[in-house]
Structures are given as structure tokens and as C-alpha cells.
Amino acid sequence: MIQNPKRYTITAALPYTNGPIHIGHLAGVYVPADIYSRYLRLQGKDVAFICGSDEHGVAISMKAKKEGITPQEVIDKYDGIIRKSFADFGISFDNYSRTSAKIHHDTAQEFFRTLYDNGDFIEEVTEQLYDAKANQFLADRFVVGTCPKCGNDGAYGDQCENCGSTLNATDLINPKSTITGETPVLKATKHWFLPLDRYTEFLTEWVLIGHKSDWKPNVYGQVKSWVDGGLEPRAVTRDLDWGIDVPVEGAEGKKLYVWFDAPIGYISSTKEWALREGKDWEPYWKDEDTKLVHFIGKDNIVFHCIIFPAMLKAEGSYILPDNVPANEFLNLEGNKLSTSKNWAVWLHEYLEEFPEKQDVLRYALTSNAPETKDNDFTWKDFQARNNNELVAIFGNFINRVVVLTNKYYDGFIPTPNELSEVDENTLAELKAYPAVISSSVERYRFREALGELMNVARLGNKYLADEEPWKVMKDNPERVKTQMYVALQIAAALSILAEPFLPFTAAKLSRILKNEGKLNWNDVTENSELIPSGHQIGEAELLFAKIEDEEIQKQIDKLEATKTANLAESKQPEPQKELIQYEDFAKMDLRVGTIIEAEKMPKANKLLVLKIDTGIDVRTIVSGIAESFSPEEIIGKRVTVLANLAPRALRGVESQGMILMTTNAEGKLVFVNPDTDAPNGETIN
């Protein structure tokens, strides 16, 4: 661990531009990275917070094929959505680039060429899966099959999403092409491989020994598992038509593998930022006094803790990450988030449906962050955290302080009299909080840090509740001056300490207190007062608004609709029954009829007793549809009747036939009926 670094390079995993950003991405990567970056800036640190769109690889090609557009149109569409969402949500990147930029192509090719010239790659002809019908090699997600480790039938050619295992396409059992559905064949092709096995000793020394005590157990454990399992050479090129050209002779038609070029995107994005700002980019990647931190999700641990460090080590001039505080996964309402199944809360939609509530989502995700285990986001929990914590604790304290200051002193901060022991203890406790919160942030325990921030608001609420200035004002207005002065110091501290976690709230509070840009993190501890006597504050504004049940139910209903649509899409028709002869069908007498009476069968929850005009008679039919329809709503309904079914007694009532039913996409019963005004009794052939 680097002590007292001169500068910080903070990277957040490059989001893949085949879809928008959802809450899983935010909780796993972008909110914690933003908290850390904002915290460091408040301390006056030199920070480069770097990110960008990951725009190459098979998934982009697949998305383009699915939507009937070009890969360039796919990446332009989603880069725009992602970029705007991050900006509107307040993620404070110093630079957000994209891997389709020329500066990235040049940087990635130069990096490859350096390793190539140094002899760091193995050039090898191997057999890869090939779709003869599509006339192309199949990489990664163009192949699905059975996972050899857990038996999941839907594993991809690079990863099994069921057990999390990293795979090669040739590992799959019964592989199928996602392009044509054909079984691929093996065909020889030349590629370049990074021999990870050569870096076993380096990784053991650097991670397993050097970072045993300061890296998160989930990260350390995954690295150890890979190293102990034996590292193998890994291809850095692919047979693709979308990506960065491999810059050597004999590599025509081949592209850099996306996992190789994507992490280099951090470097090219830093270069882009430095050019714009008139800085030198190299110290941020090559100076030993720089602290490099990668914020990622757990599915990227191998790439950032084994493969990318091996690449940097091979190149020779780059520093290695000081920490990779990867989070676990966030689930949604008890199920795994899924982009393909639309089981997600999309950031751009949230920002439209909950305007000016960016900090509510930041708070909910941080307070429930999957730092050590997978956690679950629910809309009810989101509502409770807003109403019971942000509104009732933080917002309530600030509102009382500002309202009372305007009521008693026309918004001017009073001059305090002699501090009581309670006052001094409260201010001393306040001064201790920055160090407490810092300790948690610097150990990447953002959930814990947020809890301590809320304890500052609780400190203020307790002080007001115990001191009761609204009561004391009647008999001792001089004492109230001191009480309000102390409460206002807590409010001013919150405007600073909240900034990394709740930046929009902190900015609004600073505007109310009229102290924008006047304080930094260490002032809370070091300054004798944070907001001076005689300073005039503004009028009260609510920092947070209560979220009503109707708003939450709307979101729950939206997810239920998604679940229903997914069930309908995944529902497979029943297989065809055994063949029959025409004579078998001709035996059935199917007639158009109309329900003229309907009532529930006594002591039977599922049965309705129907009177049906079949055109040839009026007959009784007992049908098991009572849980789907009320008697009133089906009177007059046109139906199809199997008229010559042998009668059958059901609970003492003779049923003389059957009406035809099926289920719709949502799994609900629906009538099979004529779509024209065919008269009752008309036969159906």
C-alpha cells in the first residue's frame, strides 16, 4: 500500500455499449468510485478519475445483428445514453472517453506492438470453432453450450453466468452457433497468446504475498484460486470483423481481443484528458508516487488482477494497481439483474421518473452496497431509506435549524454565549467525524462511511431534541443563541461531509447556508467555527421529499410486467401429439354457442355451472373456470362447444359437453371463440 501518494489515478470499469447503465453497475462500480474521487478532491488531492465506453467485441456485433443496424450505430446510440446518464447522475469523471477513438486505437496497437517486439507473445495455430454456414469463426458469445463445470445449458463461449467460470469456446459441451444454430466445426487459425503461466511467480509475490492483508477477501480469494489452479496462455487476438486491427504482418482480418484492448482504454482516456488539460499523462501511470485504484465488479477481477497486471509487467514502464476493491453483485427484487431480460432499473429511466432524486438512489445503493456479499435492491427498501432516514433524520435536522434561524434571527447566525459542557462535547464529537469517515472511505468501506455521515445528522437531531430551543426561547433567549450556533456548525459540517455521498444535497445545503466553496474536508476538524456569527443564511428548502406508495407501486408493476413478458417469451409450446386420422377429427361435433346463464357451483371454488344455447338445444355444462372469471362477466360470451362429448356427472350436476379454452401470453385463461357473428349451432370444421 502506497503511503502519502503525490497523485491518484482512479479507474472505473468501462461500461459495455450494448445497453444502458443499470443499478447493478452503479452499486458495483460507479457510485463507490465517485465517492472515493470526490472525497480525495475535498482533501485537495491530485486526482484523475478515468472511464470511457467499451465499444469493441462480439457483444456489439451481436447487438447490431439483432437490431439490424451497424456496430457503429450501436455504439453511438448507447455511448450517448450512458454518457448523458452519468452526467445527469453526477458521476464526476475527469475524463470519459470511448475505445472507438483514434487515440485509443493508436495506444492499444502501440501497446501490442511493444509486447510483440519484446517477444512476449506466443504465436500459435490452433483449432477454433467455425460456423461453416455463416462462413466465420465463432468467438465468445457467438457460441452457447453446456458448461463443463456446472452443467448449465446456456453457458457462453467466454463465461458461464450460472457458476461464474471463465471458459474458452472449445470447452463447451454440445456447442451451437448463436448465428445459425448450427453445430460448429473445428478449423485451424493463427493467433497470438499472452503466456500467463510465465507470470505465476510475479503474481504470487505481488498479490498473494504483497496484498494479503489489504485487498478484499473476495478479490484475493479469486486471484489465489486462479494462480493455484495453474495459469495458461490466453489469446489476445480474435477472428472478428469489429475491433482494433492487429498491427503486425500476417494478421489480416484479425482484431485485438476486447479484454486486451479494453483496460488499455484507461491509459488512452488518461492521455485524452491530459491533452485537453495541458498535463503530462505519464506520471499518472508511470510514477511510483501515484496510487492506482481500479473500481470494478467481481466479474472483472481476473482481468484487473491477473491479466492486465501481467500486460503492464510485460510492457515494463507502468505502475501496478495499489488496490482493486471489487464489489459483489446487486440483485433486484430477489432475482439476478439481466440486461437481456430487461430485469433491471435503468439509470436513464430512473432519472426521468424520479427527477431531482439522484441522491436518493445514491444513498439507497450505498447503504445496501454489495461490498462483501451479493445484496438485494427492493423498491420498498428504497422508499423506506428515503422516508425513514433521508427525510426523517438528515432532512428533518436541516429543516429545523434553518427554519428556527430565520424565525428567531431573520437568518443571521447568532453570536454564542458561554458554551455549556453539552455544547463543547457536541462540537468535539463533530470534529472527530471526518477522521472516522475517512478511515472507512480509505479502506473502501463506503457503506460504513455513509452510516457515519448519518450519525452526524443524528448528532444534530439529538442535540436539538435534548436542548429544545423552541421551549428555552421563552425564558432564556440568550441560551438559544448558543444552541442555534452549535446546531448551525453541525449543519455546515454536513454540507461538506455529505458531498462525496450526496453531492446534489450537499450543493443545495451549501446554497441554503450561503457557504458555497468556502470549506474543505479538513476544515470540519481544524476550524474553530465553520460558519461565523453574523453570516446570513437563506430560506428553508426541503432537502428530501417523502416518496408515496403510489410511486413505488408503479415501479413494482413495471417489473411485474417485465416478468410476465419474460415468461411469455420463454414459454415453449407443448409438443405435437401423436398423429390422428381425419376420421378421428370428424367424430368431434364442434358448435358455436352462447352462454346465457352462469352461477358458481356450491362448495366448489373452481367450478361454474353454465347454461349454453348451442343452436340445437340449451344445455348445462360444468366448467373449471371460476378462478379466472366471475359469472356476471361471461354471460353473453360466444364460445366453442364440443357438443357430442359423453355426459359426465360433476358434484351431482350432469355436464353435457365442454367449452374450448386456452391461455394467453400472461398465462391467463381465454375463450376460444368465433371472431365473426356465426349463429348459434353453426358447426366448426
>> Tell me if the aromatic rings of His348 and His22 count as close, with their centers under 6.0 Å from one another.
In response: no
> To the nearest 0.5 Å, what is the distance between CH2 (Trp281) and OH (Tyr284)?
Replying inline: 13.0 Å
> Just by distance, with hydrogens left out, do Asn95 and Arg276 show a side-chain donor and acceptor under 3.5 Å apart?
Replying inline: yes
>> Looking only at the side chains, is there a donor atom on one of Thr189 and Asp239 sitting less than 3.5 Å from an acceptor on the other?
In response: yes
> Is there a donor in the side chain of Glu315 and an acceptor in the side chain of Thr114, or the other way round, less than 3.5 Å apart?
Replying inline: no
>> Counting neighbours of NZ on Lys224 that are heavy atoms of other residues, nucleotides or ligands and sit closer than 6.0 Å, is the number greater than 12?
In response: no
>> Taking the six-membered ring for Trp, are Trp206 and Trp215 closer than 6.0 Å centroid to centroid?
In response: yes
> What's the shortest heavy-atom distance between Pro148 and Ile173, and which atoms?
Replying inline: CA-CD1, 4.0 Å
>> Pairing donors with acceptors under 3.5 angstrom, does anything connect the side chains of Lys341 and Asn335?
In response: no
> Are side-chain N/O atoms of Tyr96 and Ser53 paired as donor and acceptor at under 3.5 Å?
Replying inline: yes
>> Is it true that Thr237 and Lys255 share a donor-acceptor pair across their side chains at a distance under 3.5 Å?
In response: no
>> Quick check with a 6.0 Å cut-off and a 45 degree axis cone: is Lys313 positioned over the face of Tyr199's six-membered ring?
In response: no
>> Tell me if a side-chain donor or acceptor on Thr99 pairs with a main-chain N or O of Glu55 at a distance below 3.5 Å.
In response: yes
>> Please determine whether ring pair (Phe, Tyr, Trp, His ring centres under 6.0 Å) holds for the pair Tyr257 and Phe260, giving the CA-CA distance in whole Å, both sets of side-chain angles, and the decisive distance to 0.1 Å.
In response: CA-CA 5 Å; Tyr257 202 170; Phe260 182 87; 9.5 Å; no
> With a 3.5 Å cut-off and no angle check, do the side chains of Glu328 and Asn218 form a donor-acceptor pair?
Replying inline: yes
>> For the residue pair Glu73 / Thr70, report whether a side-chain donor-acceptor contact shorter than 3.5 Å exists.
In response: yes
> Atom NZ of Lys190 and atom CD of Glu124: how far apart are they, to the nearest 0.5 Å?
Replying inline: 12.5 Å
>> Would you say NZ of Lys84 has more than 12 non-hydrogen atoms from neighbouring residues, nucleotides or ligands within 6.0 angstrom?
In response: no
> Looking at Trp259, does the NZ or CZ of Arg234 lie under 6.0 angstrom from its six-membered ring centre and within 45 degrees of the ring axis?
Replying inline: yes
> Just checking, Arg362 and Phe501: is the charged tip under 6.0 Å from the six-membered ring centre and within 45° of the axis?
Replying inline: no
> Is the closest side-chain donor-acceptor distance between Trp521 and Ser438 under 3.5 Å?
Replying inline: yes
>> Do Gln128 and Thr126 pair up side chain to side chain, a donor and an acceptor below 3.5 Å, judged on atom types alone?
In response: yes
> Which heavy atom in Thr17 sits nearest to a heavy atom in Val74, and how many Å separate them?
Replying inline: O-CG1, 3.5 Å
>> Taking the ring of Tyr116 and the ring of Phe121, is the distance between their centroids below 6.0 Å?
In response: no
> Trp285 vs His294 aromatic rings, parallel, tilted or perpendicular, using cut-offs 30° and 60°?
Replying inline: tilted
Donor-acceptor pairs are to be reported for all side-chain atoms of residues 299-310 against protein atoms at under 3.5 Å, with residues two or more places apart or in another chain.
unit_1: His304; atom_1: ND1; unit_2: Asn300; atom_2: O; d: 3.1
unit_1: His304; atom_1: NE2; unit_2: Tyr266; atom_2: OH; d: 2.7

> Is the charged tip of Lys286 near the ring of Tyr318: under 6.0 Å from the six-membered ring centre and within 45° of its axis?
Replying inline: yes
